[in-house]
**Q** 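Pasting a structure below so you can have a look.
Only this structure's heavy atoms are used, side chains among them; waters, hydrogens and symmetry mates stay out. All figures in this text were calculated on a predicted structure; none of them were measured in a lab. Counting begins at 1 with the first residue of the sequence.
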Amino acid sequence: MMYFDSAATSLPKPQCVIDAVTTAMLTQGNPSRGVNNASLAGLRCITNARQEIARFFGGENEVDVAFCQNATMALNQAIGSVGKHIVTTAAEHNSVLRPVYRTGDYTIVPVDTKGRLDIKQVEEAIRPDTGAVVMTHASNVTGNSYDISAVGELCKKKGIYFIVDASQSAGLLPIDMKAMNITALCFSGHKSLYGPQGTGAYV
C-alpha cells in the first residue's frame with residue numbers, strides 16, 4: 001500500500017507503539033486511584049510521558065503537560081483562556097479558527113497566494129489590548145511551515161502569549177518552547193509522533 005494521508009494520521013504505527021498500548025491494556029490500572037501494582041504502573045507511565053514530552057519540546061516543567069483527546073481540545077482550552085483580543089492567520093485549521101471566532105475579538109492576518117505569511121503584518125495586527133498570537137507551525141493544506149521563532153520573539157517583545165498549533169509539526173520539525181518563546185504548544189499524538197488516535201496534549 002502507498003499511504004498518502006499522513007497529514008490526517010500516521011499509518012502504520014511502529015511495532016513499539018503497538019506493544020506499548022498492548023502492555024498498558026494488559027497491565028496498567030487507574031493511575032492515582034490506588035496503591036496496587038497496576039495503578040502504580042499506570043501512574044509511572046503517565047509521569048514518564050509527561051517528563052519525555054517536556055524534555056522533547058523544551059518545556060520548563062513536566063507538570064505543565066496536560067493530556068487531551070486531541071489537538072482540537074488542547075487548542076480550545078488554550079485559546080479559551082486568553083480573554084483578550086487575539087491575532088491569528090488565514091492559514092489556520094478550524095480547530096484554531098472556531099474557538100477564535102467564539103471570542104468575538106480577533107484579527108486574521110492574510111497569507112499570500114502561495115500560503116506565505118508576512119511577519120510584519122502580524123506585528124501590525126497586534127493592538128494594546130491583544131492577549132495572544134495563535135498560529136500553526138505547519139499547514140495541512142499547503143504544506144507551508146512558518147517561522148514561529150520570529151513570531152515568538154515578537155510576542156516576547158510585546159509581552160503577550162504565543163499559542164502554537166503543532167498538529168502537523170510535532171515530531172517532524174524541531175520545536176524548542178523556551179528558545180522559540182512559546183507559551184502553549186498544542187499537538188495531537190497520532191500524526192508524526194506515531195501515537196494512537198485519541199491522544200493529544202498541550203504544554
**Q** Is a donor on one side and an acceptor on the other found under 3.5 Å between the side chain of Ser39 and the backbone of Asn36?
**A**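 No, because the side chain of Ser39 does not come within donor-acceptor range (under 3.5 Å) of the backbone of Asn36.
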**Q** Could you work out the complete set of other residues in the hydrophobic cluster of Met2, with links drawn between I, L, V, M, F, W and Y side chains under 4.5 Å apart?
**A**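 Besides Met2, the cluster holds Phe4.
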**Q** Looking at every non-hydrogen atom in both residues, tell me the closest pair between Ala78 and Ala184 and how far apart they are.
**A**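 Distance-wise, the nearest heavy atoms are CB-CB, 4.4 Å.
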**Q** Considering residues, nucleotides and ligands other than Asn37, do more than 12 of their heavy atoms fall under 6.0 Å from its CG?
**A**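 Open: at most 12 neighbouring heavy atoms sit under 6.0 Å from CG of Asn37.
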**Q** May I ask you to list the residues sharing a hydrophobic cluster with Met73, side-chain cutoff 4.5 Å, ordered by chain and number?
**A**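 Cluster partners of Met73: none, it stands alone.
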**Q** I'd like to know if the side chain of Thr107 pairs up with that of His85 as donor and acceptor (distance under 3.5 Å, no hydrogens or angles considered).
**A**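 Yes, side-chain donor-acceptor contact under 3.5 Å.
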**Q** Measure the spacing between CG of Leu173 and OG of Ser145 and express it to the nearest 0.5 Å.
**A**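 Going from the CG atom of Leu173 to the OG atom of Ser145 covers 6.0 Å.
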**Q** Got more than 12 heavy atoms from elsewhere within 6.0 Å of CD, Gln69?
**A**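 Check fails, neighbour count at 12 or below.
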**Q** Is the backbone of Thr136 close enough, under 3.5 Å, to the side chain of Glu92 for a donor and an acceptor to pair up by distance?
**A**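 Indeed, once roles are kept as given, a pair shorter than 3.5 Å links the two residues.
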**Q** For the residue pair Leu117 and Pro110, what are the closest heavy atoms and their distance?
**A**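 Minimum heavy-atom contact is CD1-O, 3.8 Å.
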**Q** Return the CG to OG distance between Asn144 and Ser139, rounded to the nearest 0.5 Å.
**A**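 If we round to the nearest 0.5 Å, Asn144:CG and Ser139:OG are 6.5 Å apart.
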**Q** Looking at Lys13 and His190, would you say the former's side chain and the latter's main chain have a donor-acceptor pair under 3.5 Å?
**A**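 Indeed, once roles are kept as given, a pair shorter than 3.5 Å links the two residues.
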**Q** Who clusters with Ile86? Use side-chain heavy atoms, under 4.5 angstrom, across I, L, V, M, F, W and Y, and order the result by chain and number.
**A**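 Same cluster as Ile86: Leu75, Ile79, Val82, Val96, Leu97, Val100, Tyr101, Tyr106, Ile108, Val134, Ile163.
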**Q** Just how far is it from atom CG of Leu185 to atom CD1 of Ile175, taken to the nearest 0.5 Å?
**A**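 Result: 5.0 Å between the selected atoms.
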**Q** Taking ring-ring contact (aromatic ring centres under 6.0 Å, His included) as the test, write out the residues that go with Phe57, two or more places apart.
**A**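 Only Phe187 meet the ring-ring contact (aromatic ring centres under 6.0 Å, His included) criterion with Phe57.
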**Q** Going by atom types only, do Asp19 and Gln15 share a side-chain donor-acceptor pair under 3.5 Å?
**A**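 There is such a pair (donor and acceptor under 3.5 Å, judged by atom type) between the side chains of Asp19 and Gln15.
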**Q** Does a salt bridge link Glu153 with Lys156, judged by any charged N lying under 4.0 Å from a carboxylate O?
**A**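 Judged by the 4.0 Å cut-off on N to carboxylate O distance, Glu153 and Lys156 do not form a salt bridge.
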**Q** Checking Asn76 side chain against Pro99 main chain: does a donor-acceptor pair fall under 3.5 Å?
**A**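 The answer is no, because no donor-acceptor pair under 3.5 Å joins these two groups.
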**Q** Residues in side chain to side chain donor-acceptor pair (under 3.5 Å) with Glu62, at least two apart?
**A**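 With sequence neighbours excluded, Glu62 shows a side chain to side chain donor-acceptor pair (under 3.5 Å) to no residue whatsoever.
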**Q** Could you report the tightest heavy-atom contact between Ser167 and Ser188, atom names first, then the distance?
**A**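 Heavy atoms of Ser167 and Ser188 come nearest at O-OG, 4.0 Å.
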**Q** Which residues pass the side chain to side chain donor-acceptor pair (under 3.5 Å) test with Glu123, sequence neighbours left out?
**A**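 With neighbours one apart ignored, the set is Lys157.
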**Q** For Arg127, is the CZ atom crowded, meaning more than 12 foreign heavy atoms sit under 6.0 Å from it?
**A**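 Atom CZ in Arg127 is crowded, with more than 12 foreign heavy atoms closer than 6.0 Å.
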**Q** Can you name the closest pair of heavy atoms from Cys45 and Gln28 and give their distance?
**A**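 Scanning both residues, the minimum pair turns out to be CB-OE1, 3.6 Å.
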**Q** Just do the side-chain contact (heavy atoms from CB on, under 4.5 Å) check on Leu193 and Thr199 with the steps written out, would you?
**A** CA-CA 10 Å; Leu193 290 171; Thr199 58; over 6 Å; no
**Q** Do Asp118 and Lys120 meet the salt-bridge criterion of a basic N to acidic O distance under 4.0 Å?
**A**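 Salt bridge absent between Lys120 and Asp118.
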**Q** Using modelled atom types only, decide if a donor and an acceptor are shared between the side chain of Lys84 and the backbone of Thr130 within a distance under 3.5 Å.
**A**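 Judged by distance alone, no pair lies under 3.5 Å.
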**Q** Give a yes or no answer on whether the side chain of Asp176 reaches the backbone of Ala179 with a donor-acceptor pair at less than 3.5 Å.
**A**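 Checking the backbone N and O of Ala179 against the side chain of Asp176, a donor-acceptor pair under 3.5 Å is found.
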**Q** Counting neighbours of OH on Tyr146 that are heavy atoms of other residues, nucleotides or ligands and sit closer than 6.0 Å, is the number greater than 12?
**A**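 Yes, the 6.0 Å shell around OH holds more than 12 heavy atoms from other groups.
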**Q** Roughly how far, to the nearest 0.5 Å, is the NZ atom of Lys178 from the CD atom of Glu60?
**A**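 Those atoms lie 5.0 Å apart.
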**Q** When you group the ILVMFWY residues by side-chain heavy-atom contacts below 4.5 Å and let the links chain together, are Met180 and Ile160 in the same group?
**A**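 Yes, Ile160 and Met180 fall within the same hydrophobic cluster.
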**Q** Under a 4.5 Å side-chain heavy-atom rule over Ile, Leu, Val, Met, Phe, Trp and Tyr, are Leu11 and Ile18 clustered together?
**A**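 No.
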**Q** Counting N and O atoms only, with roles assigned by atom type, does the side chain of Asp112 sit under 3.5 Å from a partner on the main chain of Arg116, one being a donor and the other an acceptor?
**A**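 Side chain of Asp112 to backbone of Arg116, a donor-acceptor pair under 3.5 Å: yes, one is there.
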**Q** Does Ile46 share a hydrophobic cluster with Val63, counting links as ILVMFWY side-chain heavy atoms below 4.5 Å and allowing steps through other members?
**A**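 Per the 4.5 Å side-chain linkage, Ile46 and Val63 are not co-clustered.
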**Q** Can you name the nearest heavy-atom pair linking Met177 to Thr183, along with the distance?
**A**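 Taking Met177 first and Thr183 second, the nearest heavy atoms are CE-O, 4.0 Å.
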**Q** Got a second to check how far Ile182's CD1 is from Ser149's OG, nearest 0.5 Å?
**A**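 One gets 7.5 Å once the value is rounded to the nearest 0.5 Å.
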**Q** Is there side-chain contact between Asp129 and Asp105, with at least one heavy-atom pair below 4.5 Å?
**A**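 They are in side-chain contact.
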**Q** Give me the atom names and distance for the closest heavy-atom approach of Met135 to Ile148.
**A**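 The answer is CE-CG2, 4.4 Å.
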**Q** Do you reckon Val21 sits in the same ILVMFWY cluster as Tyr194, going by side-chain contacts under 4.5 Å, direct or chained?
**A**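 Looking at the clustering, Tyr194 is in a separate group from Val21.
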**Q** I need the Leu40 CG to Arg33 CZ distance, nearest 0.5 Å.
**A**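 CZ of Arg33 is found 14.0 Å from CG of Leu40.
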**Q** Report yes or no: do Phe67 and Val203 belong to one cluster of Ile/Leu/Val/Met/Phe/Trp/Tyr joined by side chain heavy-atom distances under 4.5 Å?
**A**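 As far as the 4.5 Å side-chain criterion goes, Val203 and Phe67 are connected within one cluster.
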